[in-house]
Amino acid sequence: MESRYQPKVIEAKWQNQWETDHLFKVEERPDQEKYYLLEMFPYPSGKIHMGHVRNYTIGDVVARYKRMRGFNVLHPMGWDAFGMPAENAAIKNNTHPAKWTYENIAAMREQLKRMGFSYDWDREIATCKPEYYRWEQWLFLQMARNGMAYRKESYVNWCDPCQTVLANEQVEAGLCWRCGKPVRQKKLWQWFFKITDFAEDLLVHCDLLPGWPDKVTTMQRNWIGKSQGAEIRFPVEGKDNLSISVFTTRPDTLFGATFMCLAPEHPLVPALSAETEHAADVAAFVDRIALQDRSAKAVENYEKEGVFTGAYCINPVNGRRMPVYTANFALMEYGTGAVMSVPAHDQRDFDFAWKYDLPVVVVVTPPAEILDSATMEEAYTDDGILVNSGDFDGMKNREAMGAITDFLEKKGIGKKTVSFRLRDWGISRQRYWGAPIPMIHCPDCGVVPVPEADLPIVLPEDADLLDGGRSPLPVLEAFAKTRCPSCGREDARRETDTMDTFVESSWYFERYCSPHWDKGMFDPSAVDYWMPVDQYIGGVEHAILHLLYSRYFTRVLETLGLVKFKEPFTRLLTQGMVCKETITCPEHGLLFPDQVAYHETPVCSLCAQPVTVGRVEKMSKSKNNVIDPNVLLDQYGADTTRLFCLFAAPPERDLEWNDQGVDGCYRFLQRVWRLAEKWLPRITGWAPLTDSTGLGGPFKELYRKTHETIKRVTQDIDERFHFNTAISAVMELINVLSAIDDAAELKNPEKSAVGFSLETTTLLLSPIVPHFCDELWETMGHQQSILCSPWPTHTESATVRDEMEVVIQVNGKLRSRFSAPTDTDEETLKKTALSDERIIGFIADQPVRKVIVVKNKLVNIVV
RNA sequence: GCGAGAGUGGCGAAAUGGGUAGACGCACUGGACUUAGGAUCCAGCUCUGGCAACAGAAUGGGAGUUCGACUCUCCCCUCUCGCACCA
């Protein structure tokens, strides 16, 4: 044992040793219970950041713990390697995205290794490799064949700076999730995955994921957004062949529908306004709205507006003539793109009717009140009784919803229906750095799938990105020009769009089961053994996108008969962000942490002026509050970094970075080191104890405390992943050991009590600070890595104290306390309490009405 | 607006099948050892009053249930996150 704790030395030593011993390599062992632990794989941006460190540390503790508990643990790591940052960096540095990506992977792999994570590196994957995306292309072909992937021309979210289409999920409040610029609508032919076919199934199964945080399943439910209602057809006046279909959740208000609003992009808008005097106005309006900023902020400020198309439709239940408008608040993406407007009972319709002087007809009234459409100041949206609704008058509106829908169904003018907010997943990207979509466009045969034998369609590496990052693929003849596999025409064109990178991350966890399998996406027997993932860990920012797509993909695989399960992740832990306070200098603005000098108050090291310590915010480059893991590794080592990440907060909560807290963790390790150094030479020959016989005083307490600590740490890690309290428990044990007087010569059982506590401390800390513990373990004379040792178990009876402190309350207020042997009977406790001097004083001459006794805890005297 | 979550010392946090509020750590204060200490060790550390013993108050605010509430119920306030013209 080194005489001083030198993290650099021992961490390098043990990382080497583990690698030499192939300690983390796993394979299927049907006789052993498996545990698949997965952390969300990183995008190879170039550097590991604190969020990664925290995420992977949490995972590593669980992986190592489960392994010590006897599980066969799969703990893989890989790279989500396609995507735009690689292209952007390539343009900026005049290099190739592949080169940039692989260099980043190499750098980040080294950083992860320095952290001592227990990955089976033989299973490493990078999604940009043909051997990986080949099987994604294969799956695409299966999906296309089975109607799960299809092509359609549609309005898409288009980002001009990025020159690409974005999925709805990639549009955040109307802005591109990558560059933050506004997104506009553009019509393009796109490939889609029919995720909506699984909307109901994905929604229902949200209730069957007990291992997921409610927050995440709730977000998914909201995102899928199921609404029950009716689809109703409104004939267009004067055009027998035309009708407008609407979706409504309020069929009960049908009699109050007085006008109709179509989305500006609605296909009927040009048809209805054609040959009317309104045609020009309508066209101008549609064009204007198409260019409007759709960001939430902008939308909030938009007034409801619209223009009359010149057409009327007929309310099928009362024959009312309803003017048809096109309006900015009607959305083509939801329902049918048409809204039956009921101004009396919908606030938007009410505002619109007010503005354009359209009739308001009340059809639902509150029970005790008569609503007058002429004096209403806002829409009435609550429940009530139907009026002005023909045969349905007097019915409760809740009942009328079903009754009116039934009536419409009988008449053949409507039907009960369900609408989802979830859209089909547009996966086409007009980008270079992605997996090519394996389709061919032939002038004669149309869209033809690439024959499976021709896979993979390899992304050509000799291509350079064009201006603005545009994809070179469409103009790269060597790639784009191809032979039609169906008719043999030589001038067919390849599909030059690539797939959304979320496609790669939707099945990588299955690939890890057999990462080198070349006969399919994965070896079915390996997937049968390992999947589903027992514990998935990652940031909550993926609560919708990645997690929903992964769930969807697993259903696709199940439908195609490739896997036997529906849900990929049994348990999910969403860890909080890593945050730090921001610091602002009046002169130099936002400061980096190393630009602050601490005298009596923190000052700017550039100008010596006092600085303002701002809010604690997520670490980000723009806030100058980033801590580089490399710096920590150099200064403290991996174990201290890991320890602090786990100790500072429970995993699901945000972690506030605190440099002094890191120091404290370092000191703790040093303290344990010194204790071991002090005691180990003095307890040679210690042997495990079966009980506390022969122990007294502090040694007896040490023995008891050790058992208690095993119990607490095991519960904290196993049941709750509360590593912070697990570490606290070990600290308490260390405090007990520290307090033992080391002057006297030890007797035999005492040596054993100390040995037991030291060995237990090492075992309990080993998943958290593995290098440190392996070094101690070796010093204690063990030959094998501590990772191969079984997790310690406690003896319940050994955790019990001989004496318990019992508190005495009077009317629920703590007044005194005494010590009594554990499990003293209630009658004795009561007597002792009532004869307590201080209690007698408190009770004085008040009559005792009741005495409540809780064994080993308290006596409460009610007077 | 809708949905979800959270409010506890100077700070990060413990404690919720109701039972000693503040474990553990950081910071701070005092002391010891020291040429020195920003190392280490010991002690103190919720607030108010008091030299102290002790007393009183306190888990965002207010009610309630209970012998007893951070914990359960209701109302209110604040903050964070997610969704947001969804018909």
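Keep in mind it's a predicted model, so treat the numbers as computed, not measured.
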Quiz item: Near Glu837(A) CD, under 6.0 Å, is it more than 12 heavy atoms from other residues, nucleotides or ligands?
Solution: no
Practice problem: Go ahead and name the base partner of A57(B); Watson-Crick or wobble counts if both distances stay under 3.5 Å, otherwise write none. | Solution: U46(B)
Quiz item: Step by step, would you call Arg720(A) with Glu652(A) a salt bridge (charged side-chain N to carboxylate O under 4.0 Å, His left out)?
Solution: CA-CA 10 Å; Arg720(A) 312 191 303 165; Glu652(A) 66 275 9; over 6 Å; no
Quiz item: OP1 or OP2 of C86(B) less than 4.0 angstrom from a side-chain nitrogen or oxygen of Arg348(A), does that happen here?
Solution: yes
Self-check item: Comparing Glu732(A) and Thr725(A) on RNA chain B - which has the more 5′ nearest nucleotide
Solution: Thr725(A)
Quiz item: What is the nucleic acid contact for Val339(A), judged by heavy atoms within less than 4.0 Å: base, sugar-phosphate only, or nothing?
Solution: base
Quiz prompt | Conformer about C1'-N of G10(B) - syn within 90° of 0, anti elsewhere | solution = anti
Quiz item: Under a 3.5 Å cut-off for both distances, is C41(B) Watson-Crick or wobble paired, and to whom?
Solution: G31(B)
Practice problem: Please confirm whether the backbone N or O of Ile404(A) pairs with a side-chain atom of Asp252(A), one donor and one acceptor, at under 3.5 Å? | Solution: no
Quiz item: OP1 or OP2 of A14(B) less than 4.0 angstrom from a side-chain nitrogen or oxygen of Asn724(A), does that happen here?
Solution: yes
Quiz prompt | Nearest heavy atoms of Ala330(A) and Leu262(A), plus distance in Å | solution = CB-C, 3.7 Å
Quiz item: With both distances under 3.5 angstrom, what nucleotide forms a Watson-Crick or G-U wobble pair with A21(B)?
Solution: none
Practice problem: Please evaluate the base of C83(B) for a donor-acceptor partner in the side chain of Asn222(A) within a cut-off of under 3.5 Å? | Solution: no
Taking only nitrogen or oxygen atoms into account, show me every contact under 3.5 Å that the protein makes with nucleotides 69-73 of chain B, one pair per line with its distance.
none

Quiz item: Looking across every strand, which nucleic acid part, if any, lies under 4.0 Å from Arg838(A) by heavy atom: base, sugar-phosphate, or nothing?
Solution: sugar-phosphate
Quiz item: Just checking Gln809(A): base, sugar-phosphate only, or nothing, at a heavy-atom cut-off of under 4.0 Å?
Solution: base
Practice problem: Might you point out which heavy atoms bring Ala648(A) and Leu655(A) nearest each other, and give the distance in Å? | Solution: CB-CG, 4.0 Å
Exercise. Compare side-chain N and O positions of Arg815(A) against OP1 and OP2 of G56(B) and report whether any pair is under 4.0 Å apart.
Key: yes
Exercise. Given ring-ring contact (aromatic ring centres under 6.0 Å, His included), test Tyr636(A) with Phe644(A) step by step and report yes or no.
Key: CA-CA 11 Å; Tyr636(A) 297 99; Phe644(A) 178 73; 9.5 Å; no
Quiz item: When we call it a touch if two heavy atoms are under 4.0 Å apart, what does Gly225(A) touch: a base, just sugar-phosphate, or nothing?
Solution: nothing
Quiz prompt | Short side-chain N/O contact from Lys813(A) to OP1 or OP2 of A57(B), under 4.0 Å | solution = yes
Quiz item: Base, sugar-phosphate, or nothing for Arg221(A), non-hydrogen atoms under 4.0 angstrom?
Solution: nothing
Practice problem: With a 3.5 angstrom cut-off on both distances, give the Watson-Crick or G-U wobble partner of G82(B), or none if there isn't one. | Solution: C2(B)
Exercise. Tell me the partner of U71(B), counting only Watson-Crick (N1-N3 plus N6-O4 or O6-N4) or G-U wobble (N1-O2 and O6-N3) with both under 3.5 Å; none if nothing fits.
Key: none
